[in-house]
Number of protein chains: 2
Amino acid sequence: MDEVRLNARMERGELFAERCPSRQVLNHVTSRWGVLVFVALLQGTHRFSELRRKIGGVSERMLAQTLQNLEQDGFVQRVAYPVVPPHVEYSLTEMGQEVAVQVQQLADWIEVNYTRVLAAAQVNESV
Amino acid sequence: MDEVRLNARMERGELFAERCPSRQVLNHVTSRWGVLVFVALLQGTHRFSELRRKIGGVSERMLAQTLQNLEQDGFVQRVAYPVVPPHVEYSLTEMGQEVAVQVQQLADWIEVNYTRVLAAAQVNESV
DNA sequence: ATCAACACTTACCTTTTTGTGCGTACTTAC
DNA sequence: GTAAGTACGCACAAAAAGGTAAGTGTTGAT
């Protein structure tokens, strides 16, 4: 009994496969605000409003949603102190840090090299 | 005169800033299909329809659009042979490979660890 | 007494993204 | 002769993402 169990051992995802659940994870991580949340939290614990101020252009609604997704996936830990006014702290879990390191490296490359990209885009303008 | 000029030398982007153009680059790279195109092309040159078959679930329209974005940004090189039926080859530029390496590492982490994420998500189900 | 701050949530609306289906121009295979 | 493959572009429609504004409940500051 129970055919679908215990076989999670060495299974590697296949992002090219349409139905592979790893796609969902990728989408959450590389979502518009997800990337920036990872980079921000890699620098340490933040409160909600700190994140909101740090990440330019994010709305409360989107930040809340993004954080909930990442919490669900086990990348972000949320700690709420029952005080008034509310005080909530967000930080990366162990797993979150592992991903964040990868995300950070991508972000780094872009921050350092984006002028090269802009230059290329300008050349290709006519295209 | 000319305060905004010639200072593109050592300028690093700031992804947290709403108006920084690096945001656009990030969005193209981390777009839904962009990530998968990078990973696919890192394995070598592909024709359009090869990419389409490889990347499960992508429509012709979206693949074309994604490739155009990445070509514009100078990440992808497009070579069309004037034969009939059409024959077009896509590959990564030098710059494209640099990014692709970063993207690949993120994709790798996800493929290897996505079951951990799924497990965490299941635990948080009640949340 | 009024207001801002906190961490959200909800409803409503706009924008963006994505999919679907059709057309193209020619060739090869059936 | 009919269909499929090639690499798209275009028009239309649906779906998803995102933004805006308002409300919550309490407290400390003005």
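Atoms considered below: every heavy atom in the structure, side chains included; atoms not considered: hydrogens, waters and symmetry mates. Note on naming: letters A, B, ... go to the chains in the order of the sequence lines (proteins, then strands), and numbering restarts at 1 for each one.
- Side-chain proximity of A/Met62 to the nucleotides C/dG19, C/dC8, D/dG18 is greatest for D/dG18.
- For the pair A/Arg53 CZ and C/dA5 C1', the computed distance is 9 Å after rounding to whole Å.
- Between B/Tyr81 and B/His87, the angle of the ring planes goes over 60°, which puts this pair in the perpendicular group of the 30/60° scheme.
- The nearest whole Å value for the distance from the CG atom in B/Leu51 to the P atom in D/dA7 is 10 Å.
- Within the 4.0 angstrom heavy-atom criterion, only backbone atoms of the sugar-phosphate kind lie near B/Arg32; the bases stay farther away.
- One atom, CG of B/Leu67, and another, P of C/dT18, lie 14 Å apart when rounded to the nearest Å.
- Among the nucleotides D/dG9, C/dA7, C/dT10, the one closest to any side-chain atom of B/Ala64 is D/dG9.
- In this entry the distance linking CG of A/Asn69 with C1' of D/dA16 reads 13 Å, nearest Å.
- Closest to the side chain of B/Glu60, out of D/dC8, D/dA11, C/dT27, is D/dC8.
- The side chain of B/Pro85 sits closest to D/dG5 out of C/dC6, C/dC8, D/dG5.
- Residue A/Ser49 has a polar side-chain atom (N or O) positioned under 4.0 Å from OP1 or OP2 of C/dA7.
- Each of C/dC8, C/dT18, D/dG18 was ranked by its minimum atom distance to the side chain of A/Arg61; first place goes to D/dG18.
- Remark on DNA chain D: of its neighbouring residues A/Val58 and A/Pro86, the 5'-side contact belongs to A/Val58, judged by nearest-heavy-atom nucleotide.
- D/dT27 atom P lies 17 Å from atom NE2 of A/His87, rounded to whole Å.
- Looking at heavy atoms from C-beta onward, B/Val58 lies out of side-chain contact with B/Leu36 at the 4.5 angstrom threshold.
- Among the atoms of the strands shown, none is found under 4.0 Å from any heavy atom of B/Tyr81.
- Ring pair B/Phe75/B/Phe38 is perpendicular by interplanar angle, where above 60° counts as perpendicular and below 30° as parallel.
- Between A/Arg52 atom CZ and C/dT9 atom C1' there is a gap of 14 Å when expressed in whole angstrom units.
- Look at B/Arg47 and you won't find any side-chain N or O under 4.0 angstrom from OP1 or OP2 of D/dT6.
- Of the candidate nucleotides C/dC8, D/dC8, C/dT27, D/dC8 has the atom lying nearest to any side-chain atom of B/Val88.
- Residue A/Gln68 places at least one side-chain N or O under 4.0 Å from the OP1 or OP2 atom of C/dT9.
- In this structure a side-chain-to-backbone donor-acceptor pair under 3.5 Å is present from B/Arg23 to B/Leu15.
- The residues A/Arg116 and B/Glu94 are annotated as not salt-bridged, no charged nitrogen and carboxylate oxygen being separated by less than 4.0 angstrom.
- Whole-Å rounding puts the A/Trp33 CH2 to C/dT16 C1' distance at 14 Å.
- Checked against C/dC8, D/dG19, D/dT26, the side chain of A/Val84 finds its nearest nucleotide in D/dT26.
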